[in-house]
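Since the structure comes first, as structure tokens, the remarks are kept for the end.
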Amino acid sequence: MEKHTRVLLKISGEALMGSHTYGLDAQMVSQVADDIYALVQSGCQVALVVGGGNIFRGMRGAEMGLERTTSDHMGMLATVINGLAMHAMLTQKGCRSRVLSAVPMPNFCESFTSHRAREYLDSGEVVICAAGSGNPYFTTDTAAVLRAVELTCTLLLKGTKFDGIYTADPAKDVTAEHLSSVSYADVVSKKLHVMDMTAITLAQENALPIAVFSIYKKGQLGKVMNGTAVCTYVS
Ligand code: UDP
């Protein structure tokens, strides 16, 4: 496998929820932080985009009758909570990191600029990109692709519940087969649930490869990087 020296890891809010039904699971946050720190110690620069679905999603607000833009603002705030949690846990473990928010909130963290983010990455700090893209009607998957491209990451690592992409939902269909590699076009035409269409299209336009793997399995992130993990490559 090609050696990647700067990667972007996307973790959904759901992953940070662990076995809980809402919010953050300290053990899961700690496990993810360990995996990230190990990757940093191996010499790789790591940018992180965190989701917010464990706390709030814009669609849920819309279902409650709230205006969509406000609901999305609430969702973006949820990603900041998760970003601050990852930062605190990484700090506790001795791993240097910065939270850079797409929406300025100077009392909590710095604002995202690609220049600043690159400087921190070059100095070996984990850059935690919070508040998604800063715009409503987008997802953190799209923000992850955007940040990966902006920061010239050569691989997007998408940590999910499953160890890659299957032909059907493996939780519901026992005949679902694991796919070791798929094209961007397959994801779109076969409606493989990996990322929303905006995210996949942006990745395709910029030839950004994506590795979909299980973030639930401890140490799996390192195995994806050294080519020994069961995962799916989208390219
Ligand atoms: N969000 C947004 N713009 C962005 C990224 C996220 O408005 O660029 C909002 C949106 O409401 C979304 C919520 O933040 O539902 C949480 O993000 P997401 O659903 O992507 O989190 P995940 O599913 O990865 O936990």
Side-chain angles (χ1 to χ4, degrees), residues 1-13 15-16 32-33 35-52 76 79-80 82-87 89-91 95-106 108-135 138-160 184 194-196 198-213 215 221-222 224-226 231 233-235:
M1 186 177 159
E2 180 198 338
K3 178 142 173 66
H4 297 281
T5 53
R6 182 183 285 178
V7 297
L8 187 139
L9 171 65
K10 160 73 208 293
I11 325 169
S12 66
L16 297 176
V32 171
D35 282 356
I36 292 171
Y37 195 13
L39 190 52
V40 172
Q41 284 173 317
S42 76
C44 188
Q45 297 181 5
V46 184
L48 180 67
V49 167
V50 281
M76 284 186 263
T79 73
V80 179
N82 289 335
L84 292 172
M86 284 308 308
H87 169 66
M89 189 60 86
L90 286 165
T91 305
C95 180
R96 291 181 303 132
S97 69
R98 301 273 176 164
V99 181
L100 302 187
S101 171
V103 177
M105 40 186 94
F108 292 176
C109 56
E110 296 169 63
S111 296
F112 179 90
T113 67
S114 52
H115 178 71
R116 183 178 279 164
R118 285 167 200 233
E119 276 185 0
Y120 289 141
L121 288 169
D122 281 336
S123 73
E125 294 187 72
V126 174
V127 169
I128 304 168
C129 306
S133 66
N135 298 297
F138 284 93
T139 63
T140 49
D141 279 352
T142 301
V145 176
L146 172 67
R147 295 299 184 230
V149 173
E150 263 189 291
L151 300 176
T152 63
C153 297
T154 53
L155 179 67
L156 192 160
L157 297 141
K158 180 170 158 79
T160 68
Y184 303 109
V194 53
M195 281 184 165
D196 57 274
T198 315
I200 282 293
T201 309
L202 191 59
Q204 180 174 21
E205 278 170 3
N206 292 282
L208 173 71
I210 304 165
V212 185
F213 72 103
I215 190 78
L221 181 60
V224 176
M225 292 300 290
N226 66 28
C231 62
Y233 291 98
V234 185
S235 59

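Along the sequence shown, residues are numbered consecutively beginning with 1. Reckoned from all heavy atoms, side chains included, excluding hydrogens, waters and symmetry mates.
For R116 (side chain) and E110 (main-chain N/O), no donor-acceptor pair under 3.5 Å exists by modelled atom type. With hydrogens and angles disregarded, no donor-acceptor distance shorter than 3.5 Å links the side chain of S97 to the backbone of V126.
Under the 3.5 Å distance criterion, with hydrogens and angles disregarded, no donor-acceptor pair is assigned to the side chains of Y120 and Q45.
A pairwise comparison of heavy atoms in V46 and L121 identifies O-CD2, 3.3 Å as the closest pair. Shown here for V127 and A117, the closest heavy-atom pair between the two residues is CG2-O, 3.6 Å. The shortest heavy-atom contact between S101 and C109 is CB-SG, 3.6 Å. Nearest approach of A130 to V99, heavy atoms of both residues: CB-CG1, 3.9 Å. Among all heavy-atom pairs drawn from C231 and V212, the shortest one is CB-O, 3.1 Å. Nearest approach of L151 to F112, heavy atoms of both residues: CD2-CZ, 4.2 Å.
Side chains of L9 and V49 form no contact here, defined as non-hydrogen atoms less than 4.5 Å apart. With a 4.5 Å cut-off on side-chain heavy atoms, Y184 and V234 count as touching. For the pair C129/L100, no side-chain contact is recorded, criterion being any heavy-atom separation below 4.5 Å from C-beta on. The side-chain heavy atoms of L48 and M86, taken from C-beta on, include a pair separated by under 4.5 Å. Two residues are said to be in side-chain contact when any heavy atoms from C-beta on lie closer than 4.5 Å; T160 and F213 fail this criterion.
With sequence neighbours excluded, the residues forming a side chain to side chain contact (heavy atoms under 4.5 Å, CB included) with C44 are V7, L39, S42, M225, listed by chain and number. Applying the side chain to side chain donor-acceptor pair (under 3.5 Å) rule to D35 yields no partners; only residues at least two apart in sequence or on another chain are considered. Residues meeting the salt bridge (charged side-chain N to carboxylate O under 4.0 Å, His left out) test with R118, sequence neighbours left out: none. Annotation: side chain to side chain donor-acceptor pair (under 3.5 Å) contacts of K158 (sequence neighbours excluded): D141.
Interatomic distance, R6 CZ to T154 OG1, rounded to the nearest 0.5 Å: 9.5 Å. Distance check, rounded to the nearest 0.5 Å: CG of N82 to OG1 of T140 gives 9.5 Å. Remark: H4 NE2 to L156 CG distance equals 11.0 Å, nearest 0.5 Å. The line from CZ of R98 to CG of L90 is 13.0 Å long, rounded to the nearest 0.5 Å. Put simply, OG1 on T79 and CD1 on I128 are 11.0 Å apart, with the number rounded to the nearest 0.5 Å. With values rounded to the nearest 0.5 angstrom, L155 atom CG is found 12.0 Å from K3 atom NZ.
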Expected list for residues 201-208: side-chain donor-acceptor pairs under 3.5 angstrom, two or more places apart:
| from | atom 1 | to | atom 2 | distance (Å) |
| --- | --- | --- | --- | --- |
| T201 | OG1 | M197 | O | 2.6 |
| N206 | ND2 | L202 | O | 2.8 |

Acceptor/donor pairs from residues 142-149 side chains to any protein atom, 3.5 angstrom cut, sequence neighbours excluded:
| from | atom 1 | to | atom 2 | distance (Å) |
| --- | --- | --- | --- | --- |
| T142 | OG1 | T139 | OG1 | 3.2 |
| T142 | OG1 | D196 | OD2 | 2.9 |
| T142 | OG1 | A199 | N | 3.4 |
| R147 | NH1 | E150 | OE1 | 2.6 |

